[in-house]
Undergrad: 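This is the structure, below, for whatever I ask next.
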Amino acid sequence: MPVHVLSEGAGPGAQVPAHLTRISISLISTSIDCSKKTVKGKVVHKGRLVSLADDDFILKTVIQEEDSQPDTTSINVVLLGALAKDFNQAVNQGDVVVAAGFTVGKSPTVHKDKLHPFNLLLSGDSACIYVSRPPPPADPRSPLAAKRSSTLSAEVSRAPKAPKYTYVKLGDLKPGAVVNVYGVVVFFKQPFKSRGTDFCSTLKITDPSNRKIGCTVFCEKLDNHPKIFRIGDIIRMHRVKTQFFNDSITLVNTFGFSVVTFDGTVGGAVEPRASSRSFHFDQEDRRTVEELRSWAASQTVLPSAPTIPLSAVQPKAYFDLTCQLLARADIDCTCTLLRVWDGTRCPHRLLKVIVAPDAIEGPSSFSTEKEKLIANILAYDNHVESAKQLKIGDFLRIYNLRAIPGSSKVPGLTSSQSDQVDHLAFHLHGGTAYGRGIRVLPENSPDVQELKRTIEGFAEDDELNDSALLEIWSTPPESPSDAGTAESSTERSCSHDVQPTTLSELKRSDPGGVHHVRVQLRSYEPQRLHQALKLYCSKCTSMQDVPDDELVAGLFSEASGDSGPCTPPAWALSGRVNIPGGSSGSSKRALGVHLSTQLMSEGKTKELIFLMGSTLAETCRLASGYQNIVPVRSSGGQLTLLDLSAPFLFRGRKRYYGCRRCSEAALREPSAEGVELIDEKIVAEALGIQLLKFCLLMKLELQDATDTLEVFLWRDAELFFSVSAEDAAANQEAQDRIRQTMDFLSSPEGSTGECPWLDVCLSAYRAADDGGQNRTCYQICHTAFTKLPSEPARS
DNA sequence: TTAGGGTTTG
């Protein structure tokens with residue numbers, strides 16, 4: 001994209017890309033998403049071009065919306081980098097310009113200049129200025145007009161030029177300059193609310209010059225703060241100013257500030273963690289990061305990050321914990337309980353905190369085995385507020401956590417409950433000293449990936465948030481049968497080194513572990529196989545039934561009832577679509593649709609529509625012609641999504657649902673830039689929906705000569721049937737396959753007159769039932785059905 | 001404007 005385009009004649013609107021919409025200057029504020037907005041105004045003041053560093057410039061200008069009152073509609077515009085230089089050369093006072101790709105900041109000069117309380121910052125690749133001048137005089141023979149048009153009719157545009165940033169070594173910093181720097185983080189605090197209007201990050205960095213420099217970042221939005229996860233991270237800051245404080249140089253962010261951080265591990269991926277929409281990153285940056293990593297690794301002076309698992313916690317120690325949030329409860333206004341785990345078991349007895357089940361957000365209890373791994377953390381004072389922002393299932397790093405041995409009084413509880421001598425309590429004390437705080441780690445971070453592997457390792461033997469499974473069925477009877485040596489209709493794919501056992505032996509063995517058995521199917525539930533389909537949330541581990549058509553049709557009909565006037569979002573284009581007739585003679589009708597302007601401009605009109613006022617049946621009919629249909633409704637004059645009990649997306653015959661607990665659903669324009677295929681994941685992400693996964697859940701009663709046993713078929717049900725649950729939800733062929741398999745397994749086979757034999761791997765685990773009683777549960781794992789009546793053995 | 005680490009409450 002050109003840094004800027006200047007053109008004469010038809011007016012600035014002519015070259016502005018169609019997907020951008022103009023916004024009035026009076027509406028500019030930091031709460032508006034300006035990524036696809038433009039602002040148009042006349043240049044009423046053009047400041048001097050100021051050089052910040054080699055090839056880096058800043059220029060301030062004031063533009064005024066024409067035909068409106070000047071006091072509310074003049075706004076400061078700050079241009080940075082090459083754009084500032086080009087603007088200086090090409091734009092004159094009196095020109096009308098259109099600005100795009102800007103961000104909005106608070107104007108620090110509002111009290112002085114009495115202009116707009118916010119300003120526009122134009123920096124980076126996405127920033128752009130379009131300009132035109134007043135039309136030339138009417139007489140084309142006028143020498144002046146001829147001259148003007150000849151110089152300006154040619155489009156003045158610049159090829160994209162990568163800005164060349166120069167970085168000052170920390171040892172070379174001088175006061176009173178604006179600079180770009182790289183450094184290794186040796187101390188940091190999570191952003192905290194300052195006494196002013198911004199959040200404040202404080203950190204200290206160093207580099208091979210061995211100078212340690214304190215830095216302060218003030219930004220109103222948390223997103224714009226540096227994303228530092230641990231000491232040793234690499235940080236790059238653009239446009240920070242140096243100032244003297246306490247006899248040393250410090251750095252503070254200034255106009256056009258941007259920051260990118262990187263993991264500091266030698267050999268790790270160089271993934272920029274940006275805090276702005278656009279940022280520059282090239283091979284030279286990669287080299288710099290790698291050099292700083294190697295240098296830092298050789299420095300013993302750098303404090304090592306005390307991140308340790310629960311299994312290694314020492315009493316009295318302060319440490320950082322990487323964990324997953326399982327549940328939360330407010331103890332009182334100065335203390336919040338966070339229940340977390342990291343998949344490892346702390347060798348010390350842990351403090352139990354008793355909280356009323358209705359005060360707990362998230363599951364109120366877990367299986368006995370899982371409970372042993374859960375740490376109760378008491379977060380105090382300022383951390384109560386940040387704990388409120390966390391979502392159950394989030395991956396966290398908690399900084400400067402204290403493991404306190406001995407008796408602890410828990411606020412809000414009676415002393416008899418809280419007096420637990422020799423139990424380890426985890427406290428996150430109030431304040432931000434020592435970097436105390438909580439940070440949500442992104443799912444793609446290497447630490448979270450590792451944490452997930454640890455948690456999954458545990459889940460292998462102690463599967464599921466088991467109450468979800470047990471809530472669905474109660475317990476029935478048992479009886480014996482004969483053993484057999486016939487061919488097996490299933491095959492185990494696990495590599496467990498265990499000897500096959502009988503069901504009666506298995507029932508006598510210790511709880512937990514894996515078992516191999518040779519069994520027959522005695523009965524199964526549900527008999528109506530569509531009831532085996534469930535929706536599972538991998539974030540909060542809840543499971544629910546798939547809503548039936550009657551319920552969904554009701555939601556559609558209720559949604560179409562609100563036919564009041566409704567404002568579509570600015571990015572949407574509205575139109576009508578004809579519903580293809582169903583049975584012959586049914587009347588055709590047209591329904592309201594909204595399309596993404598962005599997708600239309602990319603020629604992807606049919607790939608995603610937002611459909612309003614349709615019935616369930618009509619939506620299904622339209623789904624044959626459009627790849628993705630998102631049903632929407634009018635609510636309070638706004639266009640919104642339907643209740644999440646209904647599918648949020650129709651893709652052909654498939655319907656997708658979102659988790660009501662974990663989604664933060666809102667109607668937003670999906671970004672399909674560079675996306676080959678718009679699928680459920682893209683749509684769910686854009687709409688803030690936590691996608692529910694279809695799964696199959698059955699309870700089987702198995703038997704051998706010695707006993708019977710109830711087991712679940714869940715985690716590996718898709719492997720067992722060689723069918724995806726998603727397909728089973730949408731197509732008859734997949735459903736038939738499950739039906740045929742179950743029929744085959746439960747009917748007498750050939751001359752032997754007995755049911756087929758199955759070699760099965762069973763995983764045993766403890767789980768709490770409805771009454772809170774713990775019992776051992778079994779689940780079929782790593783086992784696939786290999787033979788259908790109509791076909792020879794499959795492998 | 002704001003903060004400017006830190007000798008760690010429950």
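Just so it is clear, the structure is predicted and the values come from calculations on it, not from any experiment. Chain identifiers are assigned alphabetically (A, B, ...) following the order of the sequence lines, protein sequences preceding nucleic acid strands; residue numbering begins at 1 within each chain.
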Undergrad: Is A:Lys189 close enough to B:dA3 that one of its side-chain N or O atoms is under 4.0 Å from OP1 or OP2 there?
TA: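 Checking A:Lys189 against B:dA3: no side-chain N or O falls below 4.0 Å of OP1 or OP2.
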Undergrad: Select base, sugar-phosphate, or nothing to describe what A:Glu220 touches, counting heavy atoms under 4.0 Å on all strands.
TA: nothing
Undergrad: Please report, rounded to the nearest Å, how far the P atom of B:dT9 is from the OH atom of A:Tyr434.
TA: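 Atom-to-atom, A:Tyr434 to B:dT9, this comes out as 9 Å.
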Undergrad: Got a sec: does the CD of A:Gln449 have more than 12 other heavy atoms crowding it under 6.0 Å?
TA: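 Yes, enclosed.
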Undergrad: By centroid distance (under 5.5 Å) and plane angle (under 30°), are A:Phe187 and B:dG5 in a stacked arrangement?
TA: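 Yes, aromatic ring over the base.
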Undergrad: Rounded to whole angstrom units, what separation is found between the CZ atom of A:Phe426 and the C1' atom of B:dT9?
TA: 18 Å
Undergrad: Pick from A:Val77, A:Ile28, A:Leu79: which one makes a side-chain contact (heavy atoms from CB on, under 4.5 Å) with A:Phe102?
TA: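 Option passing the side-chain contact (heavy atoms from CB on, under 4.5 Å) with A:Phe102: A:Ile28.
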Undergrad: Looking at A:Glu664 and A:Lys391, is any side-chain nitrogen of the basic one under 4.0 Å from a carboxylate oxygen of the acidic one?
TA: yes
Undergrad: Between A:Thr432 and A:Leu428, name the one whose nearest nucleotide on DNA chain B is closer to the 5' end.
TA: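 Of the two residues, A:Thr432 wins.
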Undergrad: Heavy atoms from C-beta onward define the side chain here; which of B:dT9, B:dG4, B:dG5 lies closest to that of A:Phe245?
TA: B:dG4
Undergrad: Looking at B:dT7, B:dT9, B:dT2, which one has an atom nearest to any side-chain atom of A:Asp381?
TA: B:dT9
Undergrad: Go through the steps to decide whether A:Tyr165 and A:His238 satisfy the test ring pair (Phe, Tyr, Trp, His ring centres under 6.0 Å), and finish with yes or no.
TA: CA-CA 8 Å; A:Tyr165 289 97; A:His238 283 172; 3.8 Å; yes
Undergrad: Using whole Å, report how far CG of A:Asn400 lies from P of B:dT9.
TA: 11 Å
Undergrad: Step through the shown structure and confirm whether more than 12 heavy atoms of other residues, nucleotides or ligands are within 6.0 Å of NZ on A:Lys36.
TA: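 Count over threshold, so yes.
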Undergrad: Within the 4.0 Å heavy-atom criterion, would you say A:Asp198 contacts the bases, only the backbone, or no part of the nucleic acid?
TA: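 Answer is base: heavy atoms of A:Asp198 come under 4.0 Å of a base.
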Undergrad: CD1 of A:Ile249 versus C1' of B:dG4: gap in Å, rounded?
TA: 14 Å
Undergrad: Using whole Å, report how far CZ of A:Phe319 lies from C1' of B:dT8.
TA: 15 Å
Undergrad: Closest to the A:Thr216 side chain: B:dG4, B:dT2, B:dT9?
TA: B:dG4
Undergrad: Salt-bridged, A:Lys539 to A:Asp394, with N to O below 4.0 Å?
TA: yes
Undergrad: Is the aromatic ring of A:Tyr318 within stacking range of B:dT8, meaning centres under 5.5 angstrom and planes under 30 degrees?
TA: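 Ring-base stacking flag set for A:Tyr318 and B:dT8.
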Undergrad: Report yes if the ring of A:Tyr380 lies under 5.5 Å from the six-membered base ring of B:dT9 with planes under 30°, and no otherwise.
TA: no
Undergrad: Write down the distance between CG (A:Asn382) and C1' (B:dG10), rounded to a whole number of angstrom.
TA: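 The answer, rounded to whole Å, is 13 Å.
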Undergrad: When all nucleic acid strands are considered with a 4.0 Å heavy-atom cut-off, which category describes A:Gly435: base, sugar-phosphate, or nothing?
TA: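 Nothing: the residue A:Gly435, judged by heavy atoms under 4.0 Å, touches no strand.
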Undergrad: Of the nucleotides B:dT2, B:dG6, B:dG4, which one has an atom closest to the side chain of A:Thr202?
TA: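 Of B:dT2, B:dG6, B:dG4, B:dG4 is nearest to the side chain of A:Thr202.
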Undergrad: Of all the choices, B:dG5, B:dA3, B:dT9, which nucleotide is nearest to the side chain of A:His429 once you look at every atom?
TA: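 Out of B:dG5, B:dA3, B:dT9, the nucleotide with an atom closest to A:His429's side chain is B:dT9.
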Undergrad: Output yes when at least one side-chain N/O atom of A:Lys106 is less than 4.0 Å from OP1 or OP2 of B:dT2, else no.
TA: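 No.
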Undergrad: Has A:Lys193 got its NZ or CZ under 6.0 Å from the middle of the six-membered ring of A:Phe199, at an angle within 45 degrees of the ring axis?
TA: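 Yes, A:Lys193 and A:Phe199 form such a contact.
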Undergrad: Counting only side-chain heavy atoms from C-beta out, which of B:dG10, B:dT1, B:dA3 sits nearest to A:His427?
TA: B:dG10
Undergrad: So A:Lys193, base contact, sugar-phosphate only, or nothing? Heavy-atom distance under 4.0 Å.
TA: nothing
Undergrad: Check whether any side-chain N or O of A:Arg195 sits under 4.0 Å from OP1 or OP2 of B:dT1, and answer yes or no.
TA: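 Checking A:Arg195 against B:dT1: no side-chain N or O falls below 4.0 Å of OP1 or OP2.
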Undergrad: Starting the side chain at C-beta, find the nucleotide from B:dT1, B:dG6, B:dT9 nearest to A:Thr197.
TA: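 Nearest listed nucleotide: B:dT1.
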Undergrad: Figure out the CZ/P separation between A:Phe199 and B:dT1, and round it to whole Å.
TA: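 A:Phe199 atom CZ is separated from B:dT1 atom P by 19 Å.
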Undergrad: For the pair made of CG in A:Leu401 and P in B:dT8, what is the distance, rounded to whole Å?
TA: 17 Å
Undergrad: Would you say the side chain of A:Arg402 and the base of B:dT8 hold a donor-acceptor pair, judged only by whether the two atoms sit under 3.5 Å apart?
TA: no
